[in-house]
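Here the structure is a predicted model, which is why all the values come from computation and not from measurement.
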Amino acid sequence: MDEAPKKSLNFIEAFVEQDLKDGKNDGRIQTRFPPEPNGYLHIGHAKAICLDFGIAQNYKGTCNLRFDDTNPVKEDVEYVDSIMEDIQWLGYKWENVYYASDYFQQLWDLAIDLIKQGKAYVDEQSAETIAKQKGSPTVPGTESPYRNRPVEENLALFLKMNTGEVAEGAMVLRAKIDMASSNMHFRDPIMYRVINSHPHHRTGWTWKAYPMYDYAHGQSDYFEGVTHSLCTLEFEVHRPLYDWFIDQFKDGGYRPRQIEFNRLNLTYTVMSKRKMLQLVQEKLVSGWDDPRMPTICGLRRRGYSPESIHNFIDKIGYTKFEALNDIGLLEHAVRESLNKTATRVNAVLDPVKLIVTNYPEGVVEMMETVNNPEDEAAGTREIAFTRELYVERDDFMEDAPKKYFRLTPGQEVRLKSAYIVKCTGCKKDNNGNVTEIYCEYDSQTKSGMPDSNRKVKGTLHWVSATNCIDAEVRLYDRLFSVENPSADERDFRDLLNPNSLEVRTGCKVETSLKETKPLDQFQFQRIGYFNVDPDSTPAKLVFNRTVSLKDSWAKEQNK
RNA sequence: UGUCUUAUGGUGUAAUGGUAGCACUGCAGUUUCUGGAUCUGCCUGUCUAGGUUCGAAUCCUAGUAAGACAACCA
């Protein structure tokens, strides 16, 4: 019997297995994906989603969706909806949907407990003063003059913070820990602040005092029974505080555990929500779902499949090392996935007429062609072959070098799914531009015929000049022209790739495209992938040019 | 002049004290009725210095380098 290949665990799975082995939390595994509804999900979130949901799946646990909605200034229900849509598109189902705002009362009650224990106090100093007193990572902080006020006074003031009579910024509730701690987060962290200028997207004007992340996040995990709270590396320094708050309120043997992993960095990409928002607001892209954006909805519009994103995430792994991942890896994953699933369609982006001079005028011959050579189940379709065709302008050269295997006078090429033709010449206008190419076909070489297997070096895609549709094609390239825009000192707008979008009109596409559904993925013969833009009439194509053309001829040229 | 974390080919990741492997890129071939594909081969690596050990990428110490932390953001 073959030995099953030993699957390597990432370090998080190893922790989970160890916890299971140690019998922690009654062998229960529970995770959560906790976005703040203040923006759209991007490929970096997909990495977290795959981990949170993946761990739950692999270890027969549960994963919940929790909106970390503790700051009404930035949050909106629009984002809640888009986040749920994107997670489902990625193929995951949450057990429950929770909101941190559902715990506002519980969190409030526990905060009052903490005040009663003398472990929290209301500070009336300004934000600037508090910041100054915190010191710096190398200089210890100093204590607030309000630090030791009586419990009764703290209680009264805390209640007042939530009535609306306290102005924003006038008071905060702070945990009383250690102003000299080497960990800045222990220097009396703020637990509650007053926000009365914005309604909360779910609780409206009910609350005027809102809990901060460090307090709310860990307790929310605890309320829900989360066993493994997975987050990105920058929260590493918060973990001792996470544990401190858990220790204050813990009851019984169960406790959640925070584990950090490296966030996703991609070459030629900015992942910062702030910069992405700026791109949208300054109309440098068409919106959050612009196909050049690293958002889930952008990738979806561009034609990426959920499978391709999963494959990519599998390839990059989870570690504690802050890595910069090559976008080529994502593009490779996309090609791999689309090669298996994408329906092929003929399209000519830069058309020039090819006239088959010995083919009868007015005849329309239907040629059978496969929809996907990698998937027989995709079936076949018929495409019209006529005397006048369109081929790509660069598929013809009058004076061709040796290794040019496409159209050039005297040379034979295969027209995909049709006949072998021999180029006989061309016609040019006064400027020397080729306007028509001529060829003769060999009637015995139709695809599938017994004599059709004659070796020819090149195969070209084509469309019938009389049976085709005009299309506008959008060619997308990388949004940024530098490898690591996030690290570049210059304004990120100077780093944009001016050629990231090219709109081409007058492209010719086979008529079968009329029957296609929006957002299906297709593949142009020879040239790449595209999907059909949903708002287009008659046909606007979105073409995905992810890497430079690697053509045997182009390769020769470079030598 | 702090605390925490990290360091394996060009890039990303595995090896959990016992043969340094995989993927992407690159290069060289191969092949094809379309595939930016296929198949084959090749290149390149354990940050440095000590220590523990029969044996160290792995454990310890020091150094070096990188990241995080001084929001009433999450």
Trainee: Whole angstrom is fine here: how far is it from CD in E168(A) over to P in rC73(B)?
Mentor: 9 Å
Trainee: If you assign each of A418(A) and I130(A) to its closest nucleotide in RNA chain B, which residue comes earlier from the 5' end?
Mentor: A418(A)
Trainee: According to a strict under-4.0 Å criterion, is T70(A) in side-chain N/O contact with OP1 or OP2 of rA74(B)?
Mentor: yes
Trainee: Quick one: is rU32(B) close enough that its OP1 or OP2 comes under 4.0 Å of any side-chain N or O from K455(A)?
Mentor: yes
Trainee: Are the aromatic rings of Y419(A) and F385(A) close, with centres under 6.0 Å apart?
Mentor: yes
Trainee: Take R414(A) and D326(A), find for each the nucleotide of RNA chain B with the closest heavy atom, and name the residue whose nucleotide sits nearer the 5' end.
Mentor: D326(A)
Trainee: Could you tell me how far apart E234(A) (CD) and rU3(B) (P) are, to the nearest whole angstrom?
Mentor: 22 Å
Trainee: Taking atom P in both rG21(B) and rU44(B), what distance in whole Å separates the two?
Mentor: 12 Å
Trainee: Between rA66(B) and rC72(B), how far apart are the P atoms? Round to whole Å, please.
Mentor: 29 Å
Trainee: Do the rings of Y99(A) and F67(A) sit parallel, tilted or perpendicular, given the 30° and 60° boundaries?
Mentor: parallel
Trainee: Just checking H217(A) against Y213(A), ring centres under 6.0 Å apart?
Mentor: yes
Trainee: Are F158(A) and Y192(A) near enough that their ring centres are under 6.0 Å apart?
Mentor: yes
Trainee: Do any side-chain nitrogens or oxygens of H185(A) fall under 4.0 Å of OP1 or OP2 in rC69(B)?
Mentor: no
Trainee: Let's test this: given Watson-Crick or G-U wobble pairing with both distances under 3.5 Å, identify the partner of rU31(B).
Mentor: none
Trainee: Could you check how far NZ of K340(A) sits from P of rA37(B), rounded to whole Å?
Mentor: 15 Å
Trainee: For rC73(B), does OP1 or OP2 lie under 4.0 Å from any side-chain N or O of R193(A)?
Mentor: yes
Trainee: Can you tell me how far C1' in rA56(B) sits from the matching atom in rU48(B), rounded to whole Å?
Mentor: 16 Å
Trainee: Rounded to whole angstrom, note down the P distance from rG12(B) over to rG67(B).
Mentor: 14 Å
Trainee: Sort out for me which residue in T70(A), N71(A), I83(A) forms a side-chain contact (heavy atoms from CB on, under 4.5 Å) with E36(A).
Mentor: N71(A)
Trainee: rU53(B) and rC59(B): how far apart are their C1' atoms, nearest whole angstrom?
Mentor: 10 Å
Trainee: Answer with yes or no after comparing the ring centroid distance for Y40(A) and Y79(A) against a 6.0 Å cut-off, counting only values under it.
Mentor: yes
Trainee: Taking only N and O in the side chain of S447(A), is any of them less than 4.0 Å away from OP1 or OP2 of rC33(B)?
Mentor: no
Trainee: Could you measure between the two P atoms, the one in rU13(B) and the one in rU8(B), and give it in whole Å?
Mentor: 8 Å
Trainee: Nearest whole angstrom, please: distance from the P of rG67(B) to the CD of E236(A).
Mentor: 15 Å
Trainee: Respond yes when some side-chain nitrogen or oxygen of R187(A) is under 4.0 Å from OP1 or OP2 of rA70(B), and no when none is.
Mentor: no
Trainee: I'd like the C1' distance from rU46(B) over to rU16(B), given in whole Å.
Mentor: 16 Å
Trainee: Does N265(A) put a side-chain nitrogen or oxygen below 4.0 Å from OP1 or OP2 of rG12(B)?
Mentor: no
Trainee: In whole angstrom, give me the gap between the C1' atoms of rG29(B) and rA20(B).
Mentor: 28 Å
